[in-house]
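Each remark here refers to the structure printed beneath this line.
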Amino acid sequence: MVDLEYLKEWLKTILYMNVLLLIFDSLVQTTKYEKYFRFFSGFLMMLCLLKPLVDLSGANGYMDASYIQNELKNELRLIGKSEDLKGMKKEIREEYDRAIENQISEMAAACNIEIKDVKIQWEEETNQMKKLRIKGKSSGENEKSPNLHSFRETLKQFYNLDSENLIIEIQE
C-alpha cells in the first residue's frame, strides 16, 4: 500500500518544481537560452515524476548527490553566459549548499549522528565539491553509538571526495 505521506511529499515536490520552473521560464523567455531552458526544465520534471520508481529501486541517495552537483554546474554555466542571471549566482550556490546539508543530515541520522555545521568548499573553475567539513555530535537516540566509519565512507562515495578533503568532527 502506498504511504500517503510519501505521496503528499511527492506531489508537493512536483508542485514546487512547476512553480520554480515557471518563474525561471519567465526570466529566460525572450533570451537565446530559452530552448535550452525548456529542455532542462522538461528533464527536471521527468526526474520528479519518476522519483517513486527511483526510490523503489534504492538508488535515490546516489542519484540525489550526483544530481545536485551536476545541476549546480549546469546552472552556473548557464548563468555565466547570461547577463540577466549573473546576479543570481550566489543565491543559487547557497540553495545547493542547503540541499547538500539536508542530504548529509539524513545520512548522518542513519548513522546516529546529529549534524551541527556543514561547510562546503567549491572548486571555482569546475564547480566541483573540493572540500567538505562537518561538525556534529552523537545523537544519543536509542543509546546507539555513532557509526562514523560508515558515515565517512558514504560521504566519500556520494560526493567523490578523497579522505584528506573530508573532515568530520564528532563530539560525544
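Hydrogens, waters and symmetry mates play no part in the numbers below; they use all other heavy atoms, side chains included.
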Rounding to 0.5 Å, atoms OG (Ser41) and CG (Leu20) come to a distance of 10.5 Å
- Task: Side-chain contact test, heavy atoms from C-beta onward, threshold under 4.5 Å: evaluate it for Ile167 versus Leu132 and give yes or no.
- Result: no
Membership question, hydrophobic clusters at under 4.5 Å side-chain separation (ILVMFWY): are Leu7 and Met17 in the same one?
yes
*With a 4.5 Å limit on heavy-atom distance, are the side chains of Tyr36 and Val28 in contact?*
no
Side chain to side chain donor-acceptor pair (under 3.5 Å) filter on Lys130, not counting sequence neighbours, yields none
The side chain to side chain donor-acceptor pair (under 3.5 Å) partners of Asp162 (sequence neighbours excluded) come to none
Besides Val19, the hydrophobic cluster formed by Ile, Leu, Val, Met, Phe, Trp and Tyr side chains linked at under 4.5 Å, directly or via other members, contains Ile23
Rounded to the nearest 0.5 Å, the CD atom of Glu101 sits from the NZ atom of Lys119 at a distance of 8.5 Å
task = State, with a plain yes or no, whether a side-chain heavy atom of Gln121 is found less than 4.5 Å away from one of Arg133.
result = no
query: Where the side chain of Arg152 meets the backbone of Leu166, is there a donor-acceptor pair that is under 3.5 Å apart?
result: yes
Salt bridge (charged side-chain N to carboxylate O under 4.0 Å, His left out) pairs touching residues 14-25, sequence neighbours excluded, are Asp25-Arg38
Sorted by chain and residue number, the side chain to side chain donor-acceptor pair (under 3.5 Å) partners of Glu95 (sequence neighbours excluded) come out as Arg98
Which is it for Lys51 and Tyr6 under the side chain to side chain contact (heavy atoms under 4.5 Å, CB included) test, yes or no, and what are the steps along the way?
CA-CA 11 Å; Lys51 186 175 179 351; Tyr6 178 82; 4.2 Å; yes
Residues at least two apart in sequence or cross-chain that pass salt bridge (Lys or Arg N to Asp or Glu O under 4.0 Å) with Lys156, listed by chain then number, are Glu153
Item to complete: Report yes if the side chains of Ile115 and Ile134 come closer than 4.5 Å at any heavy-atom pair, otherwise no.
Response: yes
Quiz prompt | Non-hydrogen side-chain atoms of Asn112 and Asn147 separated by less than 4.5 Å | solution = no
Legend entry - Min side-chain heavy-atom separation Ile113-Ile168 under 4.5 Å: no
For Lys116, the side chain to side chain donor-acceptor pair (under 3.5 Å) test, sequence neighbours excluded, returns Glu114
Residues at least two apart in sequence or cross-chain that pass side chain to side chain contact (heavy atoms under 4.5 Å, CB included) with Lys12, listed by chain then number, are Glu9, Tyr16
Distance col, row Glu123:CD vs Met129:CE, nearest 0.5 angstrom, shows 12.5 Å
Smallest heavy-atom separation, Thr154 atom then Met107 atom, equals CG2-SD, 3.5 Å
On a heavy-atom basis, the closest approach of Leu21 and Phe37 is O-CZ, 3.6 Å
Here the gap from Ile120 atom CD1 to Asp97 atom CG, rounded to the nearest 0.5 Å, amounts to 4.0 Å
Hits for side chain to side chain contact (heavy atoms under 4.5 Å, CB included) against Ile14, two or more places apart or cross-chain, chain-then-number order -> Trp10, Asn18, Met45, Cys48, Leu49
